[in-house]
Engineer: 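My structure is below; once you've seen it, I'll send some questions.
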Amino acid sequence: MATIPWCFKLALFMAILLASPNASVAKKNVIDKCWRENPRWRNHRQQLAMCSVGFAGKMANNIGKGVTLYKVTDPSDDPLNPKLGTLRHGATVIKGKVWITFKRNMNIILQRPLLISNFTAIDGRGVDVHITGAGCLLVYQATDVIIHGLRIHHCKSQPPSSVMGPDSKLIPLGQMDGDAIRLVTAKKVWIDHNTLYECQDGLLDVTRGSTDVTISNNWFRNQDKVMLLGHDDGHLRDRNMKATVIFNHFGPNCNQRMPRVRHGLAHVANNLYQGWEQYAIGGSMSPNIKSQANYFIAPKLGNKEVTWRQGSQADKTSWKFYSVGDFFENGASFSSQTGLGGAKPNYNHEQNFMVADAKSVKELTRSSGVLQCSRTLKC
C-alpha cells in the first residue's frame with residue numbers, strides 16, 4: 001500500500017482544523033465573529049466595514065463603488081506637502097472613499113497632527129504599524145471613519161499649526177494636547193482593535209458635538225487619563241453625543257476616565273477593567289451612562305469604587321448612571337446608582353447587538369488590541 005506523504009497529511013489536518021467549529025482557542029465577540037473566521041480576510045478586507053455594531057452602525061459608506069485602494073509604502077511625514085505613498089497623503093489628500101493598508105511593518109513619526117478626511121478607513125491588519133509624534137490622529141469635522149489595527153503611543157502636545165488638507169488647502173489647527181486619537185465635531189466613527197498607551201494627555205477624546213461613535217476591541221494601558229467623552233461642562237452640543245464602548249481591555253496601569261462622560265449618552269458594555277487608581281467610570285453635567293455586563297477587577301490596595309461623580313448632590317440624584325449585570329472582583333463596588341432603567345441606547349437594527357454575560361468578558365476581550373494576523377490563516 002502506498003504511503004501518504006507527510007505534506008498531504010499536514011494539509012488534511014489543517015483543513016479539518018479550520019473547518020471545526022471549535023477550532024478557535026477563544027470565544028469571539030459579535031464583531032470578531034463577523035470577519036475573523038474567514039481565512040481569506042486579506043482578499044476581503046472591506047468585509048470588516050459591515051461588522052461594526054453600536055452607535056456607529058454599519059460602515060457601508062466606506063465600501064462599494066468608487067473606493068480608492070491606497071497602500072502606504074513610505075513611513076515619512078510631511079504635513080505641508082504630503083508625499084504620495086505616505087499615510088498623510090492617503091488619509092488627508094485623496095478625495096472620496098479611501099481604504100488604506102500598509103505594505104510592511106512601519107514606525108511613523110508624525111511631525112504634526114494627522115487630519116483624517118471623510119470616508120477614510122485605516123486598516124493596519126497583517127503588519128505592525130506604530131504611530132507616534134505630534135498630536136497624533138485627528139478626526140475633525142469628518143464622517144464615516146474607521147481606525148483599525150494601529151499601535152498609537154507616546155503622542156506629544158503640539159502648539160497651533162497648519163497642515164495640508166483636502167483640495168490642497170492649508171487647514172489651521174489649534175493647540176493639540178497630546179492625545180492618541182481626538183474626535184472634534186465628528187460623526188459615525190469606528191475605532192476598533194487598536195493598542196493605545198503612554199500619551200502626554202489622554203488616549204481618546206470624543207468632543208465638540210461628535211456622535212455616533214463605537215469604540216471596540218481596543219487595549220488601553222499605562223495611562224493616567226484614558227478616555228474623555230464630552231469636551232467641557234459648558235459645551236452643550238455634547239448633549240447629543242452617543243458612544244458605545246464595548247469589548248475593550250483597560251489596564252494595567254490605568255488611573256481614570258474609562259470613560260469620563262459629560263452631557264451625552266454612553267453605553268459601556270462587556271469591557272474588562274484590570275484595576276484603576278482614582279476610578280473607572282465617571283461623569284459630570286448629568287450624563288447618561290449604562291454600565292452593562294462589564295468585568296471589574298479592583299486594585300489590591302486603594303480605591304475599590306468603580307464610579308466617580310462631579311456635581312451637587314441634588315444634581316447627581318437626577319442622573320441616569322447605573323449598573324446592570326456587571327461582575328465585581330476583589331472587592332470592586334458600584335455605589336449610588338441613579339436612574340435605573342434609563343440611559344437606554346435604543347439601537348436600530350444595524351446598531352443592535354446582544355450583550356454577553358459578564359463572566360465571559362475575559363474570554364471575549366482576550367484578543368483586544370492589535371491582532372496578530374497570519375498571511376494565510378485566520379486573523
Side-chain angles (χ1 to χ4, degrees), residues 68 70-96 98-125 127-142 145-186 189 191 194-208 210 218 220 222-225 228 370:
T68 298
Y70 179 89
K71 184 163 289 188
V72 179
T73 59
D74 182 348
S76 68
D77 182 51
D78 185 341
L80 297 179
N81 186 26
K83 293 166 52 180
L84 181 65
T86 62
L87 175 58
R88 190 178 295 272
H89 184 93
T92 302
V93 176
I94 296 178
K95 297 180 181 179
V98 57
W99 195 281
I100 300 172
T101 58
F102 299 81
K103 184 176 181 180
R104 60 182 183 276
N105 297 345
M106 290 186 182
N107 292 310
I108 299 174
I109 303 175
L110 297 174
Q111 302 305 305
R112 292 181 188 174
L114 176 68
L115 195 65
I116 301 177
S117 297
N118 295 316
F119 309 111
T120 298
I122 303 178
D123 179 359
R125 288 176 294 175
V127 290
D128 193 15
V129 179
H130 291 251
I131 296 178
T132 63
C136 289
L137 305 192
L138 174 61
V139 185
Y140 175 64
Q141 294 184 350
V145 171
I146 301 172
I147 301 172
H148 184 103
L150 305 177
R151 301 182 193 273
I152 310 173
H153 53 94
H154 294 94
C155 301
K156 305 298 183 184
S157 62
Q158 170 74 20
S161 62
S162 295
V163 298
M164 186 60 68
D167 301 318
S168 299
K169 294 181 180 178
L170 282 178
I171 306 295
L173 301 177
Q175 171 74 29
M176 300 295 290
D177 295 330
D179 300 307
I181 304 173
R182 185 180 182 191
L183 276 56
V184 179
T185 322
V189 179
I191 300 168
N194 302 284
T195 300
L196 298 89
Y197 58 96
E198 295 181 30
C199 289
Q200 186 169 340
D201 186 45
L203 296 180
L204 175 59
D205 281 9
V206 179
T207 64
R208 295 185 179 274
S210 297
N218 301 286
F220 301 93
N222 299 342
Q223 188 70 29
D224 176 14
K225 301 172 184 177
L228 176 65
V370 173

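Both backbone and side-chain heavy atoms feed into the values below; hydrogens, waters and symmetry mates do not.
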Engineer: Could you measure the distance from the CD1 atom of Ile100 to the CD1 atom of Ile122? Nearest 0.5 Å is fine.
Structural biologist: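 Output value for this atom pair is 5.0 Å.
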Engineer: For the side chain of Thr185 and the backbone of Ser210, is there at least one donor-acceptor N/O pair under 3.5 Å apart?
Structural biologist: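 Checking the backbone N and O of Ser210 against the side chain of Thr185, no donor-acceptor pair under 3.5 Å is found.
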Engineer: Quick test of your reading of the model: are Asp78 and Arg88 salt-bridged, counting only N-O distances below 4.0 Å?
Structural biologist: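 A salt bridge is absent here (no side-chain N lies under 4.0 Å from a carboxylate O).
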Engineer: Which atoms form the tightest heavy-atom contact between Leu183 and Leu204, and what is the distance?
Structural biologist: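 Nearest heavy atoms, Leu183 then Leu204: CD1-CD1, 4.3 Å.
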Engineer: Can any side-chain N or O of Thr68 pair as donor or acceptor with the backbone N or O of Val98 at less than 3.5 Å?
Structural biologist: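 Judged by distance alone, no pair lies under 3.5 Å.
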Engineer: Please indicate whether Ile109 has more than 12 foreign heavy atoms, meaning atoms of other residues, nucleotides or ligands, lying under 6.0 Å from its CD1.
Structural biologist: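 It does not: Ile109 CD1 has 12 such atoms or fewer within range.
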Engineer: Measure from the side-chain N and O atoms of Thr120 to the backbone N and O of Ile146, and report whether any donor-acceptor pair falls under 3.5 Å.
Structural biologist: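 No; judged by distance alone, with no hydrogens or angles, the pair does not exist.
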Engineer: Side chains of His89 and Ile94: does their closest heavy-atom pair fall under 4.5 Å?
Structural biologist: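 His89 reaches Ile94 side chain to side chain.
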Engineer: Let me confirm one number: the OH-CG distance from Tyr140 to Leu114, rounded to the nearest 0.5 Å.
Structural biologist: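 Answer for the OH-CG pair, Tyr140 versus Leu114, is 15.5 Å.
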Engineer: Taking all heavy atoms of Arg182 and all of Thr207, pick out the closest pair and write down the distance.
Structural biologist: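 Looking at all heavy atoms of both residues, the closest pair is NE-OG1, 4.3 Å.
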Engineer: Check for a donor-acceptor pair, side chain of Gln200 on one end and backbone N or O of Ser157 on the other, with a separation under 3.5 Å.
Structural biologist: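 Between the backbone of Ser157 and the side chain of Gln200 there is a qualifying donor-acceptor contact (under 3.5 Å).
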Engineer: So does Tyr70 have more than 12 non-hydrogen atoms from other groups sitting under 6.0 Å from OH?
Structural biologist: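 Yes, OH of Tyr70 has more than 12 neighbouring heavy atoms, counting only those of other groups under 6.0 Å.
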Engineer: Side chain to side chain contact (heavy atoms under 4.5 Å, CB included) between Leu170 and Met164: does it pass, once the steps are laid out?
Structural biologist: CA-CA 5 Å; Leu170 282 178; Met164 186 60 68; 4.1 Å; yes
Engineer: Taking atom OG1 of Thr132 and atom CG of Leu110, what is their separation to the nearest 0.5 Å?
Structural biologist: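 Rounded to the nearest 0.5 Å, the OG1-CG separation comes to 7.0 Å.
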Engineer: Of all the heavy-atom pairs spanning Val72 and Met106, show the shortest one and how long it is.
Structural biologist: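 Scanning both residues completely, I find the closest heavy atoms to be O-CE, 3.1 Å.
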Engineer: Check for a donor-acceptor pair, side chain of Asp128 on one end and backbone N or O of Asn105 on the other, with a separation under 3.5 Å.
Structural biologist: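 Not at all, since once roles are kept as given, no pair shorter than 3.5 Å links the two residues.
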Engineer: What is the distance from atom CG of Leu173 to atom OG of Ser162, rounded to the nearest 0.5 Å?
Structural biologist: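 Atom-to-atom, Leu173:CG and Ser162:OG are 6.5 Å apart.
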Engineer: Search all heavy atoms of Asn107 against all heavy atoms of Pro75 and return the closest pair with its distance.
Structural biologist: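 Smallest interatomic distance, heavy atoms only, reads O-CB, 3.8 Å.
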Engineer: Show the numbers, then the answer: is there a side chain to side chain contact (heavy atoms under 4.5 Å, CB included) between Val139 and Ile147?
Structural biologist: CA-CA 10 Å; Val139 185; Ile147 301 172; 4.3 Å; yes
Engineer: Can you tell me how far apart CD (Gln223) and CG (Asp201) are? Round to the nearest 0.5 Å.
Structural biologist: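 Here the interatomic distance stands at 8.0 Å.
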Engineer: Which of these passes side chain to side chain contact (heavy atoms under 4.5 Å, CB included) with Thr86: Thr73, Asp74, Ile108, Val93?
Structural biologist: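 Checked Thr73, Asp74, Ile108, Val93 against Thr86; only one passes side chain to side chain contact (heavy atoms under 4.5 Å, CB included): Asp74.
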Engineer: Please find the pair of heavy atoms, one from Asp77 and one from Arg112, that lie closest to each other, and give the distance.
Structural biologist: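 Of all heavy-atom pairs spanning Asp77 and Arg112, the closest is OD2-N, 4.0 Å.
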Engineer: Is there a donor-acceptor pair closer than 3.5 Å between any side-chain N or O of Asn218 and the backbone N or O of Thr195?
Structural biologist: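 Looks like no, no N/O pair under 3.5 Å.
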Engineer: Locate the shortest heavy-atom distance separating Val145 from Ser117; write the atom from each residue and the value.
Structural biologist: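 Minimum heavy-atom contact is CG2-O, 3.6 Å.
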Engineer: Look at the side chain of Asp179 and the backbone N and O of Gly202, then say whether any donor-acceptor pair between them is shorter than 3.5 Å.
Structural biologist: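 Looks like yes, one N/O pair under 3.5 Å.
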Engineer: Any side-chain heavy-atom pair from Val163 and Thr92 closer than 4.5 angstrom?
Structural biologist: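 Heavy-atom side-chain distance check fails, nothing below 4.5 Å.
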Engineer: Determine whether Phe102 and Leu150 satisfy the following criterion, side chain to side chain contact (heavy atoms under 4.5 Å, CB included), listing intermediate values before the conclusion.
Structural biologist: CA-CA 11 Å; Phe102 299 81; Leu150 305 177; 4.1 Å; yes
Engineer: Give a yes or no on whether the backbone of His154 and the side-chain of Tyr197 come within a donor-acceptor separation of less than 3.5 Å.
Structural biologist: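 No.
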Engineer: Once rounded to the nearest 0.5 Å, what's the spacing between atom CG of Leu137 and atom CD1 of Ile152?
Structural biologist: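 Nearest 0.5 Å value for the CG-CD1 distance: 4.0 Å.
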Engineer: Kindly confirm or rule out an SG-SG distance below 2.5 Å between Cys136 and Cys199.
Structural biologist: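 Looking at Cys199 and Cys136, their sulfur gamma atoms do not lie closer than 2.5 Å, so the answer is no.
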Engineer: Do the rings of His153 and His130 sit parallel, tilted or perpendicular, given the 30° and 60° boundaries?
Structural biologist: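 Rings of His153 and His130: perpendicular, as their planes differ by over 60°.
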